[in-house]
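Everything on this sheet refers to the single structure shown next.
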Amino acid sequence: MKKIFKITVAVMVVMFSSIFAMACSPKDYYLNEDTFFLVMTNMLYYPEQYEGSTIDYDCFTYELHDVNGVSYICGVRKCSSGYGCQCGKDTIIGFVLLYDGDLPSPKNQSEDTPDKTWVHLSGKLKSTKKLDITIFAYNNDGSVDTTRHETISMLQFNVNTCTPIADYSGLSYYVTK
Amino acid sequence: MSSRRKQDLEKWKKEKSREELVWKLGITVGIIVVILLLMFLPWAEVYNTDIGGAEVKYSGWSALIAGISGNFTSAESVFGDIAVPFNFYAGNYCQIQCILTIPTLILLLCASAVAILSALKSSKVLKYITLGLFAVCGVMFCLVFLFGILQKEGNILSAYCGGNPACSIKSFAIIPAILCFAMSGLSVFLSKKSV
């Protein structure tokens, strides 16, 4: 009886310790194919818990134009509609990029192909405040409707390093939960 | 009665007693294991008929880990979909459910220990303690179920279901509740008979 009790207590101590260890795990994030969508979405909902953390992720560059003609280069992947996913002509999930150097220009923008300008980015969130970008809405056939607007809210990302990726075959162009 | 017959009778009684102990312990431990396995079921899920299944969900074990760690905003897979959408849209109910899972599991483990002891020893006291503990455990699981369902009071369904009125929030925590009540009733028969 005493032995069973000791074993039970030992098992519970190990269980609770590992749970606490998980809660206190390192704060930097390296997004991979399994975690990209979930962590990106989580960042949109709880940006404060990622503030100050170094985030590494692979994405392709994408250009957004607002209704005033201002351009934003984003680091994104394609996604389905739903939480975390931004609308517009192409449903995308990612950040607006801020970089001192030159970011590679997007390729095959809005074409449904993984042949894009892929890059590996490392950096941190600029702030927890999302940037609201007002774009022209799209009709079902993909044409621009200048009479209607949509608002996309994205976090801004301060890029420390930007490395082009030549071989993107192992990367998912389209990410889901 | 001859001494040989007495010895045979004693031997038979011991074997019967051992057999009874084996099947009573077996049933007791079996039900307890099933209840623990049932914690892998969704404690809350958004069921969308458009996709014919659960859009998002988290298990009882995820709820337990979130409750113990106090972390309701992590994207780690061990937490299921607690962070988004459940905690984001229905934080109060979600967090209460997760935290409530802790004493529920502790009570279940205590009830299990007493039930096993009751099967081994003949004690009216142990029998009724087992009955009481499992009954309270059943009530706790009912509360866990309730807070799972109450998450529909948040905006989860309007955010996730694209206007589908057949979309709903389900919780399977009621199943371990039912088993706990069953165990409470069975405990009277599974305890060792007094000599």
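Chain naming here is simple, since letters A, B, ... match the order of the sequence lines and numbering starts at 1 in each.
Under a hydrophobic clustering in which Ile, Leu, Val, Met, Phe, Trp and Tyr are joined whenever their side-chain heavy atoms come within less than 4.5 Å, directly or via other members, A:Leu98 and A:Ile93 fall into different clusters.
In this structure, chain A has heavy atoms under 4.5 Å from both the backbone and the side chain of B:Thr73.
The number of heavy-atom neighbours closer than 6.0 Å to CG of B:Asn92, taken from other residues, nucleotides and ligands shown, is 12 or below. Surrounding CG of A:Asp100 are at most 12 heavy atoms belonging to other residues, nucleotides or ligands under 6.0 Å away. A 6.0 Å sphere centred on NZ of A:Lys129 holds no more than 12 heavy atoms belonging to other residues, nucleotides or ligands.
Between A:Asn42 and B:Ala83 the shortest heavy-atom distance is ND2-CB, 3.3 Å.
A donor-acceptor pair under 3.5 Å links the side-chain atoms of A:Tyr46 to the main chain of B:Phe88, judged by distance alone.
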